Amino acid sequence: MSSLFDVRKQLAFYGAYHSHPVNVLIHIFGVPAILWSVFVLSTQLPPPAFLPPIKYVFNKYMVFEANAPALTAAFYIIYYFILDPVAASLYTPQMALMLLSATAYAQRPDGIRNAIIVHVSAWIAQFIGHGFAEGRAPALLDNVLGAFVLAPFFVHLELLFKIGYRPELQKQLKNDVGIEIARIRREKAEKRRSEKKSS
């Protein structure tokens with residue numbers, strides 16, 4: 001359970017599935033698109049009964065409502081603050097912008113249809129990145145919750161690392177990812193050998 005709040009362990013798991021530069025680049029654009037479109041689509045869910053009926057319109061492009069997307073965004077941000085408070089602080093404005101713009105966009109006549117197009121297109125790009133660049137299945141096939149929750153924070157940290165954020169953590173993660181990839185490859189090789197023996 002404690003590993004859920006260990007930033008190195010969690011990002012090493014996710015990073016092991018996203019080590020190829022092309023795949024990482026695809027995710028830098030694809031992951032925010034998926035999260036934003038999920039926010040748009042989930043505005044159609046009934047708001048949880050315990051949330052107060054709050055709605056605030058900043059302008060036609062940004063709207064806040066106490067609804068399922070807002071609850072999801074709050075959960076993500078709280079978890080990210082536990083993992084890395086500074087990186088989470090830097091990510092919070094992006095999360096807020098995605099949430100507010102998605103809530104406003106959902107009110108357009110074509111909002112839901114366009115969000116579905118964005119969502120499907122982004123997932124196709126993700127699978128292409130994994131299939132042709134990474135050469136392995138995405139993380140969600142092994143850890144659904146970890147993949148969905150960690151993905152936005154992973155790509156956020158990838159961008160922060162490029163501008164010099166916590167170089168010691170970046171170095172540790174590269175080492176951890178290398179160890180994790182070696183472990184996964186070793187397990188796959190052992191599985192193939194056992195399958196050959198059984199056949």
Side-chain angles (χ1 to χ4, degrees), residues 1-38 41-42 72 75-88 91 116-199:
M1 183 68 176
S2 61
S3 65
L4 285 173
F5 307 108
D6 185 331
V7 65
R8 279 183 59 183
K9 189 171 185 63
Q10 290 302 314
L11 293 177
F13 157 77
Y14 195 81
Y17 293 79
H18 305 85
S19 58
H20 194 284
V22 172
N23 195 32
V24 171
L25 181 63
I26 290 172
H27 280 65
I28 285 173
F29 292 98
V31 167
I34 289 172
L35 182 57
W36 179 84
S37 60
V38 166
L41 297 173
S42 57
T72 301
F75 167 76
Y76 274 48
I77 289 297
I78 290 170
Y79 181 53
Y80 296 162
F81 265 97
I82 294 171
L83 291 178
D84 189 318
V86 176
Y91 183 69
I116 292 173
I117 293 171
V118 169
H119 192 77
V120 172
S121 300
W123 271 115
I124 291 172
Q126 305 274 83
F127 278 99
I128 289 174
H130 279 283
F132 292 96
E134 202 74 44
R136 59 180 307 189
L140 66 90
L141 298 182
D142 287 340
N143 186 333
V144 175
L145 180 62
F148 279 109
V149 176
L150 284 172
F153 202 52
F154 176 82
V155 297
H156 172 64
L157 277 172
E158 281 291 325
L159 293 173
L160 289 181
F161 287 151
K162 292 184 186 302
I163 59 174
Y165 178 73
R166 294 188 65 181
E168 73 288 347
L169 175 61
Q170 182 184 23
K171 184 177 180 181
Q172 290 168 346
L173 283 175
K174 282 186 176 180
N175 184 59
D176 293 344
V177 166
I179 293 171
E180 183 69 10
I181 290 174
R183 181 190 67 78
I184 293 170
R185 287 175 177 170
R186 186 169 60 251
E187 288 181 355
K188 283 188 174 181
E190 290 173 356
K191 184 179 180 180
R192 283 196 297 267
R193 283 196 294 270
S194 64
E195 288 174 351
K196 287 181 179 178
K197 287 180 180 179
S198 61
S199 61

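On a predicted model such as this, the values are computed, not experimentally measured, just so you know.
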To the nearest 0.5 Å, tell me how far [X] [atom1] sits from [Y] [atom2].
X: Leu150; Y: Tyr76; atom1: CG; atom2: OH; answer: 9.0 Å
X: Ile128; Y: Trp123; atom1: CD1; atom2: CH2; answer: 13.5 Å
X: Leu173; Y: Lys171; atom1: CG; atom2: NZ; answer: 13.0 Å

So do [Y] and [X] actually touch side chain to side chain, heavy atoms under 4.5 Å?
X: Asn23; Y: His27; value: yes
X: Ile181; Y: Ser19; value: yes
X: Arg166; Y: Val86; value: no
X: Val120; Y: Ile116; value: yes
X: Leu169; Y: Phe161; value: yes
X: Gln170; Y: Leu157; value: no
X: Asp84; Y: Tyr165; value: yes

Verdict with supporting geometry, Glu180 and Arg183, salt bridge (Lys or Arg N to Asp or Glu O under 4.0 Å): CA-CA 5 Å; Glu180 183 69 10; Arg183 181 190 67 78; 2.5 Å; yes

Phe154: which of Tyr14, Phe148, Phe13 passes ring pair (Phe, Tyr, Trp, His ring centres under 6.0 Å):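 Result for ring pair (Phe, Tyr, Trp, His ring centres under 6.0 Å) with Phe154: Tyr14.
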
Which atom of [X] lies closest to which atom of [Y], heavy atoms considered:
X: Val7; Y: Leu83; answer: CB-O, 3.5 Å
X: Gly30; Y: Gln126; answer: CA-OE1, 4.0 Å
X: Ala87; Y: Leu160; answer: CB-CD1, 3.9 Å
X: Leu35; Y: Pro152; answer: CD2-CG, 3.9 Å
X: Gly129; Y: Ile26; answer: CA-CD1, 3.6 Å

Side chain to side chain contact (heavy atoms under 4.5 Å, CB included) assessment of Tyr91 paired with Ile77: CA-CA 8 Å; Tyr91 183 69; Ile77 289 297; 3.9 Å; yes

Test side-chain contact (heavy atoms from CB on, under 4.5 Å) applied to Ala12 - qualifying residues, sequence neighbours left out: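 side-chain contact (heavy atoms from CB on, under 4.5 Å) list for Ala12, sorted by chain: Asp176.
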
Full working for salt bridge (Lys or Arg N to Asp or Glu O under 4.0 Å) between Glu190 and Arg192: CA-CA 5 Å; Glu190 290 173 356; Arg192 283 196 297 267; over 6 Å; no

Test item: side-chain donor near acceptor, His18 and His130, under 3.5 Å: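 There is such a pair between these side chains.
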
Parallel, tilted or perpendicular, as decided by the 30° and 60° cut-offs, for the rings of Phe75 and Tyr79: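 Judged by the thresholds at 30° and 60°, the geometry between Tyr79 and Phe75 is parallel.
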
